[in-house]
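Please read the structure below before turning to the comments.
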Amino acid sequence: MNLKPTIIIIEDEKSICNFMETTLNAHDYKVICASTGQEGLSIIASCLPDVILLDLGLPDMDGLDLIRRVREWSMIPIIVISARTKEQEKVLALDNGCDDYITKPFGTSELLARIRTALRHRQQLEAGTLASQEPVYTFEDLTIDFNRRLVLLAGKQVHLTQIEYKLVSLLARNSGRVLTYDYIIHQIWGPYADNSNNQILRVNMAHIRRKLEANPAEPRYIFTEIGVGYRMQESQKPLD
Ligand code: CA
């Protein structure tokens, strides 16, 4: 029986593929490579990998189409491998159902962190516990107790408005993943919110940063993904 998580890499650039395969093998993942979209789709259907790493620029197919085709029947996490300057492409991929992205060139620790987050998120979805997952977020000095709706910084309570708390807890419950501006606006302000203007979101995030970050210009907890959205530092495993 093979209990290693299986990862499929769909990427036509051999050097990137080899780098990822070597890295992931060394960290105890089983890796399958595909260099075209068609090959990728048939391997996904036959092997049911735990995570899909997907380059959007494939020789035979638009990566966005591949995401849509997979999402018709499966919620396997998809992490897109994207070029640095293509914010709009990242947003489109996220809106079409990919879970996260990683920007070229990327390092080993970033790749492993994205995969860990995707696997953790999938387990939570499968267990149906997403709404009530770990009751506490913790990273360095910051603790969020979801049951008691408490935010603590170095043990001291931080006073947030209702909206600020909703924002922080949404990001913290999805820690390690990027959430798009649209997604956040709809989650906080409802399905009819005007998402053409994310000014109100930016203002609230600035207030939150002032309350949580020692230096808002160099955040430790909540990062801006320029042109895409926000990502909260992955929660540390709660101590037991
Ligand atoms: Ca490519």
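When reading the values below, keep in mind they use all heavy atoms of this one structure, side chains included, and skip hydrogens, waters and symmetry mates. Order of appearance sets the numbers: ligands from 1, and atoms from 1 within every ligand. This chain uses plain numbering: 1 for the first residue, then up along the sequence.
Distance check for Asp55 against the Ca ion (ligand 1): an N/O/S atom falls below 3.0 Å. Residue contacts to the Ca ion (ligand 1): Gly57 brings an N, O or S atom closer than 3.0 Å.
The side chain to side chain contact (heavy atoms under 4.5 Å, CB included) test with Leu160 is passed by exactly one of Leu150, Val168, Ile144: Val168. For the side chain to side chain donor-acceptor pair (under 3.5 Å) test with Arg220, the passing option among Glu213, Gln233, Glu140 is Glu140; the others fail.
For the Ca ion (ligand 1), the nearest N, O or S atom contributed by Asp12 is named OD1.
A salt bridge links Glu13 to Lys104: at least one charged side-chain nitrogen sits closer than 4.0 Å to a carboxylate oxygen.
Panel note: side chain Asn198, backbone Tyr181; no donor-acceptor pair is recorded below 3.5 Å.
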